Amino acid sequence: MTESLPVNLSLTKNAVNGPKTDTEDTSENLALAIVEAALDRKAGEIILLKVEEISYLSDYFVMMTGYSKVQVRAIADAIEGQVEIDWQRRPLRTEGKTEGTWVLQDYGDVIVHIMMPREREFYNLEAFWGHAERVSLPNSDHIGG
């Protein structure tokens, strides 16, 4: 006896460059929630890049600076905690938390980079992704970058 399972043929990430969907709104809102959580821990130089049109990795990258290893970890913890509370989501993977110089949190549609100034300057991800659309942030007068 065979049962057929429903097949979901919908494609993610605007396969046909259609109009903005709820998923895109959700990705942007998640990215903005991450920015707010980072601001609560005094993250600096926060940049939000919309990369969905130029990369299959994610819809958004959020990049920020922490000025000590302790602060980098605190920012990562604050983001993880707030997203879990507000969005009932945990990162798919987290890298670099033990070292504390560059923490990467992968939420699928949003990837977070929390870096110490030296790592941020050396790797210069903003330049690498310079062709991505930079999203203006609320309260951007308090945010560097």
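Since this is a predicted model, take the numbers as computed values, not measurements. Only heavy atoms go into these numbers, but all of them, side chains included; no hydrogens, no water, no symmetry mates.
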Quick one, [X] and [Y] - any side-chain contact, counting heavy atoms below 4.5 Å?
| X | Y | answer |
| --- | --- | --- |
| T94 | L104 | no |
| M64 | H113 | no |
| I46 | M63 | no |
| Q71 | I114 | no |
| V110 | I34 | yes |
| L32 | L48 | yes |
| L30 | W87 | yes |
| E95 | V103 | no |

By salt bridge (Lys or Arg N to Asp or Glu O under 4.0 Å) - contacts of [X] (at least two apart):
| X | answer |
| --- | --- |
| D40 | none |
| R89 | D109 |
| D86 | none |

### Message
Does Q88, at its CD atom, have more than 12 non-hydrogen atoms belonging to other residues, nucleotides or ligands within less than 6.0 Å?
### Response
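Counting other residues, nucleotides and ligands, CD of Q88 exceeds 12 neighbours.
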### Task
Before giving the answer on side-chain contact (heavy atoms from CB on, under 4.5 Å), spell out for L92 and Y107 the whole-Å C-alpha distance, their side-chain angles and the decisive distance to 0.1 Å.
CA-CA 6 Å; L92 301 171; Y107 284 94; 6.0 Å; no
### Message
Just verifying a value: how many Å separate L49 CG and S58 OG, rounded to the nearest 0.5 Å?
### Response
10.5 Å
Considering all heavy atoms, the nearest [X]-[Y] contact:
| X | Y | answer |
| --- | --- | --- |
| G66 | P117 | O-CD, 3.3 Å |
| L57 | I111 | O-CD1, 4.1 Å |
| Y67 | G44 | OH-CA, 3.7 Å |
| K69 | M116 | N-SD, 3.6 Å |

### Message
Using the rule that Ile, Leu, Val, Met, Phe, Trp and Tyr join whenever any side-chain heavy atoms are under 4.5 Å apart, tell me whether I85 and I79 fall into a single cluster.
### Response
no
### Query
Do the side chains of Y56 and I54 join up, straight or via other hydrophobic residues, at under 4.5 Å, putting them in one cluster?
yes
Between [X] and [Y], is there a side-chain N and carboxylate O pair less than 4.0 Å apart?
| X | Y | value |
| --- | --- | --- |
| R120 | E126 | yes |
| D77 | R41 | no |
| K50 | E52 | yes |

### Message
Centre-to-centre under 6.0 Å for W102 and Y123, is that the case here?
### Response
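Distance test on ring centres: under 6.0 Å, yes.
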### Query
F61 vs W129 aromatic rings, parallel, tilted or perpendicular, using cut-offs 30° and 60°?
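F61 vs W129 ring planes: perpendicular.
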Would you say the side-chain atoms of [X] pair up with the backbone N or O of [Y], donor to acceptor, closer than 3.5 Å?
| X | Y | result |
| --- | --- | --- |
| R73 | T98 | yes |
| Q105 | A76 | yes |
| Q82 | A78 | no |
| T65 | E45 | no |

